[in-house]
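Please read the structure below before turning to the comments.
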2 protein chains.
Amino acid sequence: MLSKKTKYGLKALTYLASLETREPVQIAEIAKHENISQKFLESILLTLRRNGFLGSKKGKGGGYYLIKEPEDILMTAVMRVLEGPIAMVPCVSLNFYEKCADCPDENKCSVNKLMLQVRDSALEVYRSNTLADLIAS
Amino acid sequence: MLSKKTKYGLKALTYLASLETREPVQIAEIAKHENISQKFLESILLTLRRNGFLGSKKGKGGGYYLIKEPEDILMTAVMRVLEGPIAMVPCVSLNFYEKCADCPDENKCSVNKLMLQVRDSALEVYRSNTLADLIAS
DNA sequence: TTAAAATCTATAAAAACTATAGGGTAATAG
DNA sequence: CTATTACCCTATAGTTTTTATAGATTTTAA
């Protein structure tokens, strides 16, 4: 299951990208427009800022804004930041690899074999979608 | 993340499929061979039986055994029983569809658009893999 | 027929994760 | 200086996952 964190984060990014302007947009406005719990969204936007997707401005007239062009924001990057590993199992993860404690040999593991394919196919999708691709009605 | 339930279930099925015989195999043997908590495995095997993948025999000489040929067991079916929906979001699920409460229009939803592609690519993988495909070393 | 070997059932507890809320701090514009 | 708004920390309720406990039931073999 996709976490709401990821879902909300994607929606927020899409909303910001859909706007003409790149002026700061208040959390409250995003939350209201996308039906998101404002406090929760707050923490999501923060991690998006910390990971180089958004800029922010404090005080009156402050808010969040896209720091890159939508065409340059790949879903692989967004997903890794919001949802974590793309692989469903650590032993097939590119960026978060970890050996399974119980599995003596990955090359003979059926789970490994299947999840490797799933990872590759998901990666293919995420790699071929930018934020811009998700906006077009 | 793939749940351990699914992981263990897959390993158990693979182990049974890898054996020459289709005689009953005790839970204890499967658990030991695959490094799985026996009691947990017990409940997993039970749901696999209830869903038509395994047969069982009680009493001395009892155990679990494959009820179909490995070539006839599709990963789509296994995953749906063990892991649940293949889609990461209910609004793109074929078998477990549900409308998002917050989303006014699915056709304009960026999450929907992305997750639809992810579902399709995962489905493609699961459809083209049978239990037999996961055994071959 | 009895005892042993298994599966079956139910429950619950521990752990981990998810989603949300509250309240205070810091920066900024006017 | 004051209002506004992002930032940051903490807590908590709820859910899901995983494992453990305890026993009931069925089957087989001797």
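If you're wondering where the values come from, they're calculated on a predicted model, not measured in any experiment. Order of the sequence lines fixes the chain letters, A, B, ..., with proteins taken first and strands second; residue numbering starts at 1 for each chain.
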From dT19(D), dT7(C), dG23(C), nucleotide with atom closest to Lys4(B) side chain: dT19(D)
Using a 4.0 Å heavy-atom cut-off, does Gln26(B) contact any base of the nucleic acid, only the sugar-phosphate backbone, or nothing at all? sugar-phosphate
Kindly point out which of dC8(C), dT20(C), dA20(D) is positioned nearest to the side chain of Tyr8(A)? dT20(C)
Taking only side-chain nitrogens and oxygens of Arg50(A), does any of them come within less than 4.0 Å of OP1 or OP2 of dC8(D)? yes
Please state how far atom CD1 in Ile44(A) lies from atom C1' in dA6(D), giving the value in whole angstrom units. 15 Å
Closest-nucleotide 5' rank along DNA chain C - winner of Leu2(A) and Lys39(A): Leu2(A)
5'-most contact on DNA chain C: Lys58(A) or Phe40(A), nearest heavy atom basis? Phe40(A)
Determine yes or no for a side-chain-to-main-chain donor-acceptor pair under 3.5 angstrom, with Asp133(A) supplying the side chain and Thr130(A) the backbone. yes
Whether Lys57(A) contacts dA29(C) is assessed here as follows: a side-chain N or O lying under 4.0 Å from the phosphate OP1 or OP2. Is that the case? yes
Against Tyr15(A), only a single residue in Glu34(A), His33(A), Glu29(A) fulfils side chain to side chain donor-acceptor pair (under 3.5 Å); can you say which? Glu29(A)
Checking all strands, does Ile27(A) fall into the base, sugar-phosphate, or nothing category for heavy-atom contacts under 4.0 angstrom? sugar-phosphate
Short side-chain N/O contact to dA6(D) OP1/OP2 from Tyr65(A), under 4.0 Å: no
To the nearest Å, how far apart are Met1(A) CE and dT18(C) C1'? 11 Å
Scan side-chain atoms only and decide if Glu98(A) and Ser93(A) contain a donor-acceptor pair under the 3.5 Å cut-off. no
Tell me: NZ of Lys5(A) to P of dA16(C), nearest whole Å? 18 Å
Residues Gly52(B) and Ile67(B): closest non-hydrogen pair is O-CG2, 3.3 Å
note: Leu46(A), atom CG; dC9(D), atom C1'; distance rounded to Å ~ 11 Å
When you check the phosphate oxygens OP1 and OP2 of dC17(C), does a side-chain N or O of Ser3(A) lie under 4.0 Å from one of them? no
When you get a sec, tell me which of dA19(C), dT4(D), dC8(D) is the closest nucleotide to the side chain of Lys60(A)? dT4(D)
note: Glu42(B), atom CD; dA22(D), atom C1'; distance rounded to Å ~ 12 Å
Nearest heavy-atom approach of Leu2(A) to Met79(A) is CD1-CE, 3.8 Å
Without decimals, in angstroms, what is the distance between Asp102(B) CG and dT20(C) C1'? 15 Å
For Glu83(A) and dA19(C), what is the distance between atoms CD and C1' respectively, to the nearest whole Å? 14 Å
Once you round it to whole Å, what is the distance between C1' of dG22(C) and CD of Gln38(A)? 13 Å
